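Structure record follows, encoded as structure tokens.
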Protein chains: 2
Amino acid sequence: MQINRETDYAVRCVLYLCGRKDGAITMADEISSAMNVPRSFASKILQKLSRAGIVASHQGVKGGFSIARAPRNISMLDIVTVIEGPLALNVCLESGESCGLSPSCPVHPYWHTLRTGVEELFAELTFDRFLEDRLPGKPMPPRTPLRTKKTTK
Amino acid sequence: MQINRETDYAVRCVLYLCGRKDGAITMADEISSAMNVPRSFASKILQKLSRAGIVASHQGVKGGFSIARAPRNISMLDIVTVIEGPLALNVCLESGESCGLSPSCPVHPYWHTLRTGVEELFAELTFDRFLEDRLPGKPMPPRTPLRTKKTTK
DNA sequence: TAAAACAAGACTATATTAGTCCAGTATTTA
DNA sequence: TAAATACTGGACTAATATAGTCTTGTTTTA
Ligand code: SF4
Ligand code: SF4
């Protein structure tokens, strides 16, 4: 029951963009080093966020990323969903999947309820909350990447 | 953000034992086939539950497992915690671990709040709730194991 | 039109999951 | 008291997921 590292990184990226004045365009490189997210991983994450309409991407020379929605319209649930897919809790709650005979399982409906509860918690937490504490440009704590070096086979 | 299969199996095992009259002693074999949990995996899971004091184990010929606490004193949180360890949500919430400089991270306290919220949800859901719906001995839906056959290398 | 940036996706090492298997220990009962 | 039965503990494993990197291509600006 943990979010993964990619999601934590994604939160950092969005947080950084939320902190820029007027949704300024910022290069992946800057986000990456400011928030201590491995460079090329950051690109991948920003692409996901971009496709999901949370950030906007701009190609070309003066390109980069900018925030696409007001911070108060971006929730923790949005980020988790974009990165990890719909919050499922248990397999029987994944859309396509069903566990043999889910309708007859006495536990199934309770998992469903729990999921809803968790989703509400995550949806309530929007990014404007973080900005109260953190002025734009403040440094972010590094989180040691597992693999920093390139694969020098 | 999913519980793992072992936890789902653990819930099934506990549920089955809760359904037995007077905390009757039941063999792992019976639990396994009644609840469709792979046999040897069930043993392992029951051992964990036993060490955690949720079920009691009895060795020897008429041995097996029985429920060790009243169903209403066993919660979903208990099971998840026993099987997967303390609910952490993010690395910075694991006891020993800290992410470089967690105290300065603006997101950290919010993860903490979310964790507390999720824990409450899981703690509220106790096993007596399931028994309202399900009379002892009702069959359980199978959940197709990933690996059914023994490793015949 | 060259340089700067993102886009898409193939590729990889390591960790975790989802189990199996076996040698040993405790308990009952013939 | 010695089988037989059932749990205990731990080593072992294949498949999958995680946490990244790298390369090639496309868009935009100066
Ligand atoms: S909760 Fe019930 S329906 Fe869902 S996966 Fe577990 S056994 Fe299947
Ligand atoms: S939330 Fe903050 S402290 Fe926690 S892991 Fe992420 S960056 Fe580190």
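Being a predicted model, the structure only gives us computed values, none of them experimental.
One finds a side-chain N or O of B:Ser57 lying less than 4.0 angstrom from the OP1 or OP2 phosphate oxygen of D:dT8. In this structure, A:Arg39 reaches the C:dC6 phosphate: one of its side-chain N or O atoms is under 4.0 Å from OP1 or OP2. For A:Tyr9, a side-chain nitrogen or oxygen approaches OP1 or OP2 of D:dG20 to under 4.0 Å.
Checking side-chain atoms of A:Arg72 against main-chain N and O of A:Thr126 turns up no donor-acceptor pair under 3.5 Å. With hydrogens and angles disregarded, no donor-acceptor distance shorter than 3.5 Å links the side chain of B:Glu84 to the backbone of B:Thr7. No side-chain donor-acceptor contact under 3.5 Å links A:Tyr110 to the backbone of B:Met76.
The two atoms that bring A:Glu6 and A:Phe41 nearest to each other are CG-CZ, 3.8 Å, heavy atoms only.
Rounded to whole Å, atom P of C:dG19 lies 11 Å from atom CG of B:Asp8. Summarising the geometry, the separation between CG on B:Asn4 and C1' on D:dT18 is reported as 15 Å, rounded to the nearest angstrom. In this structure, A:Asp29 atom CG and D:dT21 atom P are separated by 13 Å, rounded to whole Å. Taking atom CD on A:Gln2 and atom P on D:dA17, their separation rounds to 18 Å, with Å as the unit. Atoms CD (A:Glu30) and C1' (C:dA4) sit 15 Å apart, rounded to a whole Å. In this entry the distance linking CG of A:Asn90 with C1' of C:dA18 reads 15 Å, nearest Å. A straight line from NZ of A:Lys48 to C1' of D:dT18 spans 11 Å, rounded to a whole angstrom. Distance A:Ile83 CD1 to D:dG20 P: 13 Å, rounded to the nearest Å.
Side-chain polar atoms of B:Ser75 and B:Asp78 form a donor-acceptor pair below 3.5 angstrom.
With distances taken from any side-chain atom of A:Phe41 to the nucleotides C:dA7, D:dG9, D:dT21, the minimum falls on D:dT21. In this structure, of C:dA7, D:dG9, D:dC7, it is D:dC7 that holds the atom nearest to the side chain of B:Phe65. When each of C:dT20, C:dA18, D:dG20 is scored by its nearest atom to the side-chain atoms of A:Arg5, the top-ranked nucleotide is D:dG20. For B:Met27, taking side-chain heavy atoms from C-beta onward, the closest of the listed nucleotides C:dA7, D:dT8, D:dC7 is D:dC7.
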Indicate for each nucleotide in nucleotides 25-30 of chain D, in 5' to 3' sequence, whether protein heavy atoms under 4.0 Å reach the base (B), only the sugar-phosphate (S), or nothing (-). --BBB-
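Residue-to-nucleotide proximity on DNA chain C shows that, of A:Lys44 and A:Gly63, the 5′-proximal contact is made by A:Gly63.
Going from atom CG of B:Asn90 over to atom CD1 of A:Ile3 covers 3.5 Å, rounded to the nearest 0.5 Å. The structure places CZ of B:Phe122 at 5.0 Å from CG of A:Leu114, a figure rounded to the nearest 0.5 Å.
Using a 4.0 Å cut-off on heavy atoms, none of the residues of residues 74-81 of chain B approach DNA chain C.
Counting heavy atoms from C-beta outward, B:Cys13 and B:Leu17 have side chains that stay 4.5 Å or more apart.
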Per-pair distances, 0.1 Å, donor-acceptor, side chain in residues 22-32 of chain B, under 3.5 Å, sequence neighbours excluded:
unit_1  : atom_1 : unit_2  : atom_2 : d
B:Thr26 : OG1    : B:Arg20 : NH1    : 3.0
B:Thr26 : OG1    : B:Ala24 : O      : 3.3
B:Asp29 : OD1    : B:Arg39 : NH1    : 3.4
B:Glu30 : OE2    : B:Tyr16 : OH     : 2.5
B:Glu30 : OE2    : B:Arg20 : NH1    : 3.2
B:Ser32 : OG     : B:Val37 : O      : 2.7

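With a 6.0 Å radius and a threshold of 12 heavy atoms from other residues, nucleotides or ligands, B:His112 has its NE2 atom at or below the threshold.
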